[in-house]
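Heads up, the thing below is written out as structure tokens.
In what follows, every chain begins at residue 1, and chains take the letters A, B, ... in the order their sequences are listed.
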2 protein chains.
Amino acid sequence: MMRADARRNRARVLDAAETVLARDGLAASMREIAEVAGVGVGTIYRQFPTKEALYQAIVEDRMRRLADRAGELATAEDPGAAFFEYFTTIVADSTMKKVLVDALAVAGIDAKAGSPDIKGAIETLLTRAQRAGAVRGDVGMEELLALLSAACLAAQHHHWDEGLRTRTLAVVFDGLRPARGEAAHV
Amino acid sequence: MMRADARRNRARVLDAAETVLARDGLAASMREIAEVAGVGVGTIYRQFPTKEALYQAIVEDRMRRLADRAGELATAEDPGAAFFEYFTTIVADSTMKKVLVDALAVAGIDAKAGSPDIKGAIETLLTRAQRAGAVRGDVGMEELLALLSAACLAAQHHHWDEGLRTRTLAVVFDGLRPARGEAAHV
DNA sequence: CTACAATCGGAATGCTTGTTCCGGATGGAC
DNA sequence: GTCCATCCGGAACAAGCATTCCGATTGTAG
């Protein structure tokens with residue numbers, strides 16, 4: 001059983017790391033995280049063997065939340081709206097969360113072990129939206145993830161404000177919609 | 001007048017820097033650039049007062065080439081094709097050139113001094129394509145640059161191969177085209 | 001060819017980073 | 001209250017970085 005102070009400090013470290021990493025991404029230093037958390041650097045290393053491990057813990061947590069959100073939307077009445085809303089949410093999120101973006105970029109959303117089945121969850125949203133005729137049938141997961149990742153990266157780097165985000169995603173979404181006349185895939 | 005060996009070394013440094021920075025981006029170290037160039041680090045500093053200055057020299061050079069290319073395409077017979085070709089070229093380029101992408105991301109394509117009028121050149125391509133009815137009239141420079149930068153960032157980070165690039169840009173381009181029925185802006 | 005200023009290489013400097021270590025503090029079982 | 005395994009803080013260490021400096025070298029004007 002973990003001692004009470006250890007558990008408390010673990011929470012503080014995770015909190016501080018989330019804050020600092022959101023701002024500085026992978027470039028954040030352990031010293032600063034420790035300072036924000038109000039603990040010594042040694043305390044961090046007691047819980048997380050390495051900087052990467054700390055990052056991974058946070059990224060996995062965020063991934064899990066994103067996967068959960070996708071799960072909720074998987075049963076929405078309007079699959080098209082659900083799909084586009086999810087896309088927008090992730091991009092809006094990443095404007096503020098540099099870790100997530102760095103993680104998407106470095107480790108890759110691509111199938112990294114540990115991360116829950118976010119890919120599967122997104123695929124469900126895509127398939128349902130396609131069946132409902134809200135998204136072209138000929139876009140695959142690869143292109144979708146490429147577009148999603150691209151939007152997240154740019155939103156982060158250039159600090160897209162809401163207006164720019166809306167207008168830019170509008171173009172992408174138009175490209176994702178079926179050409180008029182394309183039949184819904186039953 | 002510059003001594004002959006100094007001029008030769010300057011060229012070597014620029015070459016090496018282009019190579020190394022293309023691979024490692026801003027994370028590349030001066031030592032490695034010096035090694036690849038076959039000179040001492042001191043030699044680099046004789047020509048470029050700082051690491052940033054060296055980067056800037058290379059980025060400006062690339063920007064100039066991109067602006068030139070845009071200039072050529074500005075008088076193409078098919079403004080729509082010219083526009084989409086230019087977009088594709090830049091993205092394909094950035095898959096290989098990490099500096100460019102870092103520069104776009106960090107310094108920002110956005111109006112940084114020194115960089116020639118690449119923004120103006122792109123705007124010309126856009127306007128002509130819109131007049132020709134190949135691009136929606138309601139997309140502005142801001143969204144266009146956002147999309148361009150997004151594609152470059154993602155292409156670099158995930159090493160888009162040609163197939164993925166083609167399919168992903170196809171979606172974006174579809175979003176940029178006018179909805180059927182939208183009139184060309186004379 | 002000579003002489004000297006321009007240039008060179010790379011060791012040295014000073015800083016930042018991730019990680020380790022350990023003397024001292026402390027939670028909690030008895 | 002006692003006691004010890006656990007945990008804490010932060011100094012210390014090693015590695016890497018950009019940048020500076022200087023004795024040795026070399027282009028070139030005269």
From [atom1] of [X] over to [atom2] of [N], roughly how many Å is that when rounded to an integer?
X: Glu35(B); N: dG9(C); atom1: CD; atom2: P; answer: 13 Å
X: Met30(A); N: dC21(C); atom1: CE; atom2: P; answer: 16 Å
X: Lys51(B); N: dT16(C); atom1: NZ; atom2: C1'; answer: 13 Å
X: Ile33(B); N: dG9(C); atom1: CD1; atom2: P; answer: 15 Å
X: Tyr45(A); N: dA14(D); atom1: OH; atom2: C1'; answer: 13 Å

Inset, instruction - Decide yes or no for Val91(B) and Leu148(B): does some side-chain heavy atom of the first lie under 4.5 Å from some side-chain heavy atom of the second? - result: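 Result yes, sub-4.5 Å side-chain heavy-atom pair found.
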
Legend entry - Nearest-nucleotide comparison on DNA chain D, the residue closer to the 5′ end among Ala28(B) and Arg8(B):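 With Ala28(B) and Arg8(B) compared, the 5'-side residue is Ala28(B).
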
Legend entry - With Asp15(B) via salt bridge (Lys or Arg N to Asp or Glu O under 4.0 Å) - residues at least two apart: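 Testing Asp15(B) for salt bridge (Lys or Arg N to Asp or Glu O under 4.0 Å), a comparison that skips the adjacent residues, returns none.
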
Inset, instruction - Flag the pair Asp68(B) and Arg64(B) as a salt bridge only when some basic side-chain nitrogen lies within less than 4.0 angstrom of an acidic carboxylate oxygen. - result: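 The answer is no: the pair does not qualify as a salt bridge.
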
Legend entry - Ionic contact status for Asp5(A) with Arg8(A), cut-off 4.0 Å: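 No salt bridge links Arg8(A) with Asp5(A).
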
Inset, instruction - For nucleotides 3-12 of chain D, just jot down a letter per nucleotide in 5' to 3' order: B, S or -, based on protein non-hydrogen atoms under 4.0 Å. - result: --BBSBSBBB

Inset, instruction - For the residue pair Ser149(A) and His157(B), confirm or rule out a side-chain donor-acceptor distance under 3.5 Å. - result: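 On atom types as modelled, these side chains do not qualify, holding no pair under 3.5 Å.
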
Legend entry - Ring geometry between Phe84(B) and Phe173(B) (parallel below 30°, tilted from 30 to 60°, perpendicular above 60°):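 Answer is tilted, since the angle falls between 30° and 60°.
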
Inset, instruction - Check whether any side-chain N or O of Thr50(B) sits under 4.0 Å from OP1 or OP2 of dT19(D), and answer yes or no. - result: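 For dT19(D), OP1/OP2 do have a side-chain N/O of Thr50(B) under 4.0 Å.
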
